[in-house]
There are 2 protein chains.
Amino acid sequence: MNSSILTIGHLARQTGTKVETIRFYEKNGLLPEPSRTEGNYRAYEPDHLNRLSFIRRARDLGFSLDQIRALLALSDNRGQSCAAVDAIASKHRAEVEKKISDLMALKTELDRMIDQCGCGVVADCRIIETLSPK
Amino acid sequence: MNSSILTIGHLARQTGTKVETIRFYEKNGLLPEPSRTEGNYRAYEPDHLNRLSFIRRARDLGFSLDQIRALLALSDNRGQSCAAVDAIASKHRAEVEKKISDLMALKTELDRMIDQCGCGVVADCRIIETLSPK
DNA sequence: ATATGACCCTGTATACGCTACAGGGTCATA
DNA sequence: TATGACCCTGTAGCGTATACAGGGTCATAT
């Protein structure tokens, strides 16, 4: 058979993805269903590998699967305006910024709480006290 | 009946928690099972309210339910050393710090990617290009 | 007495993004 | 022909809730 045909295991190794995750992406419409061999094995082509690499890169950058689905659809329409792509990426960046500022506020509170702990007995613990209702 | 007895709805309103969430905490061992009325309604006492307030405060500070279970157990042993409490809080703070630095690294990458976008057509889009395999 | 509507009950399904089985089939190599 | 690496499907689990279906209870209004 064609030497460019890949099994799911090859795809997994080449993209650092678990086999189950690849099947999960297929079931969730991110990766098109490949054809099958006589023995019912998935037979991938180079395009599948490219698409999976794209997905993994986007996941590493924290995009949701929904966002990735949209990015994939856009990247398949190469003549379209890039503004929609920019919108998705910018929205994601805004979400990341929000998370960072939420976590920094959280850390400030944790710092205050932990710094007060004199590490005596629980009855006098400022951490427990901070959590307890008045 | 006793005027200090509370329904689940009262507990919910007083702590800003959804009724389903309170039942969820009970099923997961964070809130002890209250006694029941004749009509099989949960009948809470002030202690339940205090405990739920504690849980919500800790959740607001980002502690996991496992960590909260441990904090609750510790706060019930008031003569014990406070070091275990400090350990849980410090571990949580470290996790928060890790998340912040991960997200800041992510944001740097997103910034770089988005700043390159000239917003022409998808074929020339730097965002798509960044995501695509070489 | 009854009707309404607010509240409560249990149990199950859903969300996200996987991961981990169980129980089987296929394929290459010794 | 036997082994072991690989593949298949289907289901359940993680954490932290939220939502809903289909029913029961309770207080108030008429």
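So that the names make sense, note that chain A is the first sequence line, chain B the second, and so on, each numbered from 1.
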From [options], nucleotide with atom closest to [X] side chain:
X	options	answer
T21(B)	dT18(D), dC7(C), dC9(C)	dT18(D)
K18(B)	dG17(C), dC7(D), dA19(D)	dA19(D)
R42(A)	dC8(D), dC9(C), dG17(C)	dC8(D)

CZ/R126(A): more than 12 non-hydrogen atoms of other groups inside 6.0 Å = no
Flag yes if more than 12 heavy atoms outside K99(B) fall under 6.0 Å of its NZ atom; otherwise flag no.
-> no
With both distances kept under 3.5 Å, what pairs with dT18(D), Watson-Crick or G-U wobble?
-> dA13(C)
With both distances under 3.5 Å as the test, what is the Watson-Crick or G-U wobble partner of dA5(D)?
-> dT26(C)
Describe the nucleic acid contact of F63(A) in one word from base, sugar-phosphate, nothing, applying a heavy-atom distance below 4.0 Å.
-> nothing
Base, sugar-phosphate alone, or nothing: which one does R23(A) contact when heavy atoms must sit under 4.0 Å apart?
-> base
Report yes if some heavy atom in the side chain of Q14(A) is under 4.5 Å from a heavy atom in the side chain of L6(A); otherwise report no.
-> yes
Can you check the Y41(A) OH to dG25(C) P distance for me, whole Å?
-> 12 Å
Starting at atom CZ of F24(A), determine the distance to atom P of dG10(D), rounded to an integer number of angstrom.
-> 16 Å
Toward the 5' end of DNA chain C, which comes first, R13(B) or E20(A), by nearest nucleotide?
-> R13(B)
Taking for each residue the nucleotide of DNA chain D bearing the nearest heavy atom, is the 5' side occupied by N40(B) or by K27(A)?
-> K27(A)
